Every structure is written in structure tokens, then in C-alpha cells.
Asker: 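First the structure, then my questions, so here it is.
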2 protein chains.
Amino acid sequence: MTDIRRKLQTAGLRPTRQRVALAELLFAKGDRHLAAEDLHGEAVAIGVPVSLATVYNTLHQFTDAGMLRILSVEGSRTYFDTNTSDHHHFYIEEDGEVVDVPVTAQLKVENLPEPPEGMEVANIDVVIRLRRKG
Amino acid sequence: MTDIRRKLQTAGLRPTRQRVALAELLFAKGDRHLAAEDLHGEAVAIGVPVSLATVYNTLHQFTDAGMLRILSVEGSRTYFDTNTSDHHHFYIEEDGEVVDVPVTAQLKVENLPEPPEGMEVANIDVVIRLRRKG
DNA sequence: CTGTGTGCAAACTCTTTGCATAAGT
DNA sequence: ACTTATGCAAAGAGTTTGCACACAG
């Protein structure tokens, strides 16, 4: 609670009603991947009538502050990930659902190539696309 | 030429003027990643006045036929990849540009986790996001 | 001929923006 | 008070769709 307010302060963001509420939703229950509309729905559901535009603003501010990451998955919607450390994802096309690869899997990427001149690696996304067996 | 027509036939697609022209653009020069508007621009540039809607239709038909793949990169635009085999990408955020990781890099993904019950791996996308060194 | 493909324009979805109002310090 | 955040509604980008006309087999 107060640590959420502190977290926001540190990021240079005023701990407004909306931002605190959204941050609580995002960071209370471990790793989450969600789109703006999902978060908006949750906020409204618990009686925090924030606007969708503010949810978008807030998600981007949190991303700029390093509190969230944007997932590399195709599709029209942008997914934000509350886990900003290096980890990887299953992606189920049919449902557009994203699931963490369990850390216990110890998935490793080997022989990482040299990036082109003047570039450095920002991060690595591994997306394992799944389809229903049949 | 005729092999492109055959390729289309095999996929159950009539080799129409537009589809042949688009297929030639796509598959003539090795691996390419492009968005619908890019391909549309190229077609118009060489005097094949195909409509954007047809380019979208065609790209999806080719994808369904396994001739193209959709890339897992975030962002508003959908990128299609003419290389459908397992290979990986650099993604330069600032430019929205996608570059193949050279095959010589021999990048390997190890300890691939078990997919959840009833699921199988369709493919694996590794996106190495780059930023300008500074 | 018959059925599929194409093109246009309109519709749609997700996201961003401008500006007046509200809230934080 | 002063400044930044919020909300609304409108605009924007990319993509999809419906339907009349055109073309391939």
C-alpha cells in the first residue's frame, strides 16, 4: 500500500487514486499479462471508475518507469507484463492467451549472435507458440 | 514463374494476376519481412495496381497455405515472413525494423519446457530486441 | 457459364490526442 | 495556488468485411 505510493513517487509519478488502484491490481498477485481493456475492466469491477484513456496512459508511464514490459506477441492488442525480468512465454493462438514458461524449466538461449554495429541487446523474448493437439 | 503458378495451384489458389505478382515479389529475393502496406507499395510501384484489401487477403491465404509466417513482434502492424522455417530475429524498436539473425549464428534454444496438457509446439520465435548503443 | 477473386468504401478495433475539468502537493 | 492528471469525445492507424463487377477455368 504505502510501498506502492513510494514506488510511484520514486518513478516520479504522483500517487493519484487511479494510479494507486491500477498499480495494486497489477502488482498484488504476482506475474500478470494483460491488455489495457482487461485492466480497465478489473478496475471498474472493483468500483474504481477510471477511464480507458487513463489506463493506457498509466500503462505506458509504468512501462517507461521500468515497472512493466510490453510483450512481443503478434495481434492487434498490446500485452503488458508485470514481470520485467528475463523470462519466456507460451502463446496460445486460438485464445490469444499468454502463459509464463515456468522458471523451473530453465530454458536457455545459446550462441547468442553479435548484434550489428552500434547496437546492444535490450532483451530477448522467446515465444513458444502452442496449438491444440489433434 | 511457372513454378509460382504451380505453387499456388498446389495451395488451392487460382493463379490470378494479382496473386502471381504478389508471390513473385514475396518469393523472388530470399527472406523478407514485410507488412501489407509495404507489399502493396511495391506492387503498385512496378505497375500492378492491386488493392490493399486484396494484399491483405492474399497474405492471409498464403499464411494459411504455409507459404508465410506471421512474426511475433509487438506493435500495430502485422509483419509477414517469407521464411517459414525455424529462424530468429533482431528487432530494432526505434525503426520498427526486423532483421534475420544470420543462420551462421547457430542460435539454439535449450531445455524446451513441456507444453501444457493437450498442447503441442507450433513454433518458437526468438526476438532479440536491440537498442542503439549509447 | 459458374464460381472464385478483386476493388471499393464503409465498418471495426485498438490506441492516441486535445482540451476542459479535477485533483495532488 | 500551481502543476500535473483525468475524462471525454474525436481522431488516427491498421485491418477486415459486404457487395457489385471482373476474371479464370
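What you see is a predicted model; the values in this text were computed from it and never measured. Lettering of chains follows the sequences in order, A, B, ..., and the numbering in each one begins at 1. Below, all heavy atoms of this structure are taken into account, side chains as well, without hydrogens, waters or symmetry copies.
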Asker: Decide yes or no for B:His33 and B:His89: does some side-chain heavy atom of the first lie under 4.5 Å from some side-chain heavy atom of the second?
Answerer: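 Yes, close enough: below the 4.5 Å cut-off.
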Asker: Could you tell me how the ring of A:His60 sits relative to the ring of A:Phe80: parallel (under 30°), tilted (30 to 60°) or perpendicular (over 60°)?
Answerer: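 Rings of A:His60 and A:Phe80: perpendicular, as their planes differ by over 60°.
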Asker: Report the distance from atom CG of A:Leu39 to atom P of D:dT6, rounded to the nearest whole Å.
Answerer: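 Spelled out: CG on A:Leu39 to P on D:dT6 is 13 Å.
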Asker: Could you give the CG-to-C1' distance, from A:Asp38 to C:dT15, as a whole number of Å?
Answerer: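 In whole Å, C:dT15 C1' lies 14 Å from A:Asp38 CG.
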Asker: Rounded to whole angstroms, how far apart are CG on B:Leu34 and P on D:dT15?
Answerer: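 Atom CG in B:Leu34 sits about 12 Å away from atom P in D:dT15.
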Asker: How close or far is atom P of D:dT6 from atom NE2 of A:His40, stated in whole angstroms?
Answerer: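 Going from A:His40 (NE2) to D:dT6 (P), I get 13 Å.
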Asker: Just checking B:His60: base, sugar-phosphate only, or nothing, at a heavy-atom cut-off of under 4.0 Å?
Answerer: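 Sugar-phosphate, no base atom in range.
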Asker: Identify the heavy atoms of B:Pro113 and A:Val101 that sit nearest to each other, and give their distance.
Answerer: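 For B:Pro113 versus A:Val101, the nearest heavy atoms are CG-CG1, 3.5 Å.
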Asker: Is it the case that A:Gln61 and A:Arg19 place a side-chain donor and acceptor less than 3.5 Å from each other?
Answerer: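 Side-chain D/A pair, A:Gln61 to A:Arg19: present.
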Asker: If you count heavy atoms of other groups shown closer than 6.0 angstrom to CD of A:Glu114, is the number above 12?
Answerer: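 No, because the 6.0 Å sphere around CD of A:Glu114 holds 12 heavy atoms or fewer from other groups.
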Asker: If the helix axis at each end comes from five base pairs, how far does the helix from C:dC1-D:dG25 to C:dT25-D:dA1 deviate from straight, to 10°?
Answerer: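 What I find for the helix from C:dC1-D:dG25 to C:dT25-D:dA1 is an axis angle of 30°.
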Asker: How about B:Leu26 and B:Leu34: do any of their side-chain heavy atoms sit closer than 4.5 Å?
Answerer: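 The answer is yes, as the side chains (C-beta and beyond) meet within the 4.5 Å cut-off.
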Asker: Determine the sole option in A:Asp81, A:Thr78, A:Leu68 for which the side chain to side chain contact (heavy atoms under 4.5 Å, CB included) test with A:Thr63 is passed.
Answerer: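 Testing A:Thr63 for a side chain to side chain contact (heavy atoms under 4.5 Å, CB included) against A:Asp81, A:Thr78, A:Leu68 leaves exactly one candidate, A:Leu68.
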Asker: Under 3.5 Å, which N/O atoms of the protein pair with N/O atoms of nucleotides 6-13 of chain C?
Answerer:
from: C:dT6; atom 1: OP1; to: B:Thr16; atom 2: OG1; distance (Å): 2.7
from: C:dT6; atom 1: O3'; to: B:Gln18; atom 2: NE2; distance (Å): 2.8
from: C:dG7; atom 1: OP1; to: B:Gln18; atom 2: NE2; distance (Å): 3.2
from: C:dG7; atom 1: OP1; to: B:Pro49; atom 2: O; distance (Å): 3.4
from: C:dG7; atom 1: OP2; to: B:Ser51; atom 2: N; distance (Å): 2.9
from: C:dG7; atom 1: OP2; to: B:Ser51; atom 2: OG; distance (Å): 3.4
from: C:dG7; atom 1: OP2; to: B:Thr54; atom 2: OG1; distance (Å): 2.8

Asker: For the pair made of CZ in A:Arg5 and P in D:dA5, what is the distance, rounded to whole Å?
Answerer: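 These atoms are roughly 14 Å apart.
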Asker: Which whole-number value in Å describes the distance from B:Glu74 CD to D:dG14 P?
Answerer: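 Rounded to whole Å, this separation is 15 Å.
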Asker: Rounding to an integer number of Å, can you tell me how far B:Arg14 CZ sits from C:dG5 P?
Answerer: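 Computing the B:Arg14:CZ to C:dG5:P distance gives 6 Å.
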Asker: Phosphate oxygens OP1/OP2 of D:dT15: is one of them under 4.0 Å from a side-chain N or O of B:Tyr56?
Answerer: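 Checking D:dT15 against B:Tyr56, a side-chain N or O does come within under 4.0 Å of OP1 or OP2.
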Asker: Check whether any side-chain heavy atom of B:Asp100 lies under 4.5 Å from a side-chain heavy atom of B:His87, and answer yes or no.
Answerer: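 A side-chain contact exists here, since the closest heavy-atom pair is under 4.5 Å.
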Asker: Would you mind reading off the distance between B:Leu71 atom CG and D:dG14 atom C1', rounded to a whole angstrom?
Answerer: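 In whole Å, D:dG14 C1' lies 17 Å from B:Leu71 CG.
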Asker: Could you check if a side-chain atom of B:Leu8 sits within less than 4.5 angstrom of a side-chain atom of B:Phe62, using non-hydrogen atoms only?
Answerer: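 Sidechains of B:Phe62 and B:Leu8: in contact.
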Asker: Side-chain N or O of A:Thr78 less than 4.0 angstrom from OP1 or OP2 on C:dC14?
Answerer: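 The answer is no; no side-chain N or O of A:Thr78 sits under 4.0 Å from OP1 or OP2.
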